[in-house]
Amino acid sequence: MIGLDGCDLPEASGFRRIRDPYSPTEVYAIPAIKPDVAVIHVHEADVQGNARIFGSPGYDLAMVEAASTVILTAERIIPTEEFEKVPELTRVPFFIVTAVVHVPHGASPTGCYPDYDVDEPAVLEYQQRVQREANIEDYLQTVIP
Amino acid sequence: VTAFGIEEHILVAMARQVRDGDLVAQGVNSVMASLAFALAKRTHAPNMVCVNIGGGVDVMPSPLPPSSVAPQWIHGTPVIVSNADLYGHMFSGRFDLFFSSGVQIDAEGRINLTVIGDRQKPTVRLPGAGGLPVVFQTVKRVVLWRARHTPNIFTEKLDFVSAAGNVTRVITPLCVFRMQDGRLALEQVFPGTDVMAVRTQTGFAFATVPEGVSEVAPPTAHELAVIAELDPQRHHRLEFR
């Protein structure tokens with residue numbers, strides 16, 4: 001890729017600078033990130049793992065393309081026939097997905113546009129309550145029904 | 001005359017860097033950058049097109065939400081440009097302007113957002129530069145701004161070069177620097193300061209622009225009215241604490 005000239009990042013990260021075989025410029029070859037597992041939260045999924053993401057997908061699609069195991073958590077499980085009616089809306093294809101978990105409000109206390117916004121008081125409460133590792137279990141007990 | 005502070009004065013100096021018709025991108029966590037774009041759009045640059053970090057295009061909620069990822073930033077957008085796709089568009093060289101900042105900034109307009117001290121054993125681990133190395137190399141004009149101006153911030157030597165590239169201006173509470181032959185040159189000062197004061201507060205040597213250093217023109221009453229409408233709670237002032 002282009003766009004890393006003049007900064008210390010390539011050397012610090014071990015990115016190799018190579019000649020572009022198709023033009024007289026130089027580019028960087030970035031080593032692939034190969035995550036074992038990616039977990040992403042989606043709005044709608046079917047039981048096979050097809051998924052719709054509304055709002056911005058951010059880097060979710062890059063993450064699931066790279067990971068060997070993909071777990072979806074979904075606000076709603078809907079029938080496969082709904083995906084077949086409008087396949088253009090499907091952002092994650094079922095054949096890369098390992099597991100689908102139905103987790104309504106699963107992004108909370110952060111937001112899941114357009115379903116719900118960031119819950120600021122809840123984020124602050126989280127911040128205060130999990131300052132010590134020992135308290136994490138206690139926090140999870142109260143937020144996970 | 002409507003009262004204004006250095007915060008609003010910097011804001012209009014930033015907005016005036018926008019040219020009508022620019023394609024601009026708005027990064028994460030910067031009230032000043034989003035306000036500057038919204039102000040430009042409402043004044044001299046109605047044909048500016050802005051892609052925000054949430055993926056919204058030309059969405060300018062009024063008042064602006066304090067968070068750069070609030071849902072209002074994609075409400076009513078005709079298209080969502082994911083962050084991954086945004087970089088694809090940047091690689092093609094389409095983007096004209098981006099506002100950024102740095103914990104340290106050097107005479108070549110390079111920034112450090114990575115570490116203070118040695119990289120292996122840093123005194124302070126900073127948030128990191130995210131996509132800025134690519135932004136600085138691919139967006140045509142990068143304008144830096146900083147809420148403080150000290151010799152430690154505007155330093156001769158960066159502890160780490162996080163991003164380097166197409167910086168054209170640097171705007172601080174004291175002055176506006178312009179890139180000239182690869183080094184920052186003093187172009188304008190804010191009222192109440194002068195070239196000597198800027199030299200005292202800057203850790204690197206710099207020239208002045210050939211046409212002579214001028215004073216940054218004050219905000220107009222219209223610009224101040226638009227700022228008051230876009231940010232009635234004055235969230236932008238928080239960045240100066």
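Computed from a prediction, not measured in an experiment: that's the story for all the values here. Residue numbers begin at 1 in each chain, while the letters A, B, ... track the order of the sequences.
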Where does [X] contact chain A at under 4.5 Å (heavy atoms): side chain, backbone, both or neither?
X: Tyr87(B); value: side chain
X: Ala163(B); value: backbone
X: Ser162(B); value: backbone

**Item:** Within-4.5 Å side-chain heavy-atom neighbours: Asp8(A) and Arg119(B)
**Value:**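 No, side chains not in contact.
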So for atom [atom1], which belongs to [X], do other residues, nucleotides or ligands contribute more than 12 heavy atoms lying within a distance under 6.0 Å?
X: Tyr126(A); atom1: OH; result: no
X: Ile18(A); atom1: CD1; result: yes
X: Arg183(B); atom1: CZ; result: yes
X: Arg17(A); atom1: CZ; result: yes
X: His75(B); atom1: NE2; result: no
X: Glu120(A); atom1: CD; result: no
X: Lys157(B); atom1: NZ; result: no
X: Arg94(B); atom1: CZ; result: no

**Asked** What residue in Pro133(B), Gly55(B), Ala129(B) has the most heavy-atom pairs under 4.5 Å with chain A?
**Response**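 Winner by heavy-atom pair count: Pro133(B).
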**Asked** Taking every heavy-atom pair that is under 4.5 Å apart, which of Ala164(B), Ala70(B), Ala84(B), Pro71(B) has the most such pairs with chain A?
**Response**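 Among Ala164(B), Ala70(B), Ala84(B), Pro71(B), the one with the most close pairs to chain A is Pro71(B).
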**Request:** Report the option among Leu61(A), Leu9(A), Ile2(A) that has the most heavy-atom pairs separated by less than 4.5 Å from atoms of chain B.
**Result:**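 Result: the option with the highest number of such pairs is Ile2(A).
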**Message:** Please rank Ala12(A), Pro10(A), Gly58(A) by heavy-atom pairs under 4.5 Å with chain B and give me the top one.
**Reply:**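 Highest number of heavy-atom pairs under 4.5 Å: Ala12(A).
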Nearest 0.5 angstrom please: [X] [atom1] to [Y] [atom2], how far?
X: Phe54(A); Y: Ile74(B); atom1: CZ; atom2: CD1; value: 12.0 Å
X: Ser82(B); Y: Asp60(A); atom1: OG; atom2: CG; value: 9.5 Å
X: Cys7(A); Y: Phe160(B); atom1: SG; atom2: CZ; value: 7.0 Å

**Item:** Atom of Gly54(B), atom of Ser56(A) and distance for their closest heavy-atom approach
**Value:**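 That would be O-CB, 3.1 Å.
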**Under 3.5 Å donor-acceptor, Gln137(B) side chain and Asp5(A) backbone** =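 Present.
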